[in-house]
Amino acid sequence: MAYVIGDACVSCGTCEGQCPVGAISQGDGKYVIDPDTCIECGSCAGACPTGAISQG
């Protein structure tokens, strides 16, 4: 199951640079992960300073 970004996201952009497949982009007020592109590697979750990313 793809990773998701929760409400704790502060739009710092750290996760976007960590995604090896470019599944993360700026959304409305927070970053979002495209579930069809996500390969479930967890790189984004490990990089998130607020812990806003979890497996959906």
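What you see is a predicted model; the values in this text were computed from it and never measured. Side chains are part of it too, since the values below use all heavy atoms of this structure and drop only hydrogens, waters and symmetry mates.
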Could you list the donor-acceptor pairs under 3.5 angstrom formed between side-chain atoms of residues 14-26 and any protein atom two or more places apart in sequence or on another chain?
{"from": "Q26", "atom 1": "OE1", "to": "Y31", "atom 2": "OH", "distance (Å)": "3.4"}

Applying side chain to side chain donor-acceptor pair (under 3.5 Å), name anything that partners T37, two or more places apart in sequence or on another chain. D34
SG/C12 to NZ/K30 distance, rounded to the nearest 0.5 angstrom? 13.5 Å
To the nearest 0.5 Å, how far apart are CD in Q55 and CD in E40? 5.5 Å
Hits for side chain to side chain contact (heavy atoms under 4.5 Å, CB included) against A52, two or more places apart or cross-chain, chain-then-number order -> I5, A8, C9, C48, T50
Looking only at heavy atoms, which two atoms of Y3 and C41 are closest? And how far apart? CE1-N, 4.5 Å
For C44 against I33, the heavy-atom pair lying closest together: SG-CD1, 4.1 Å
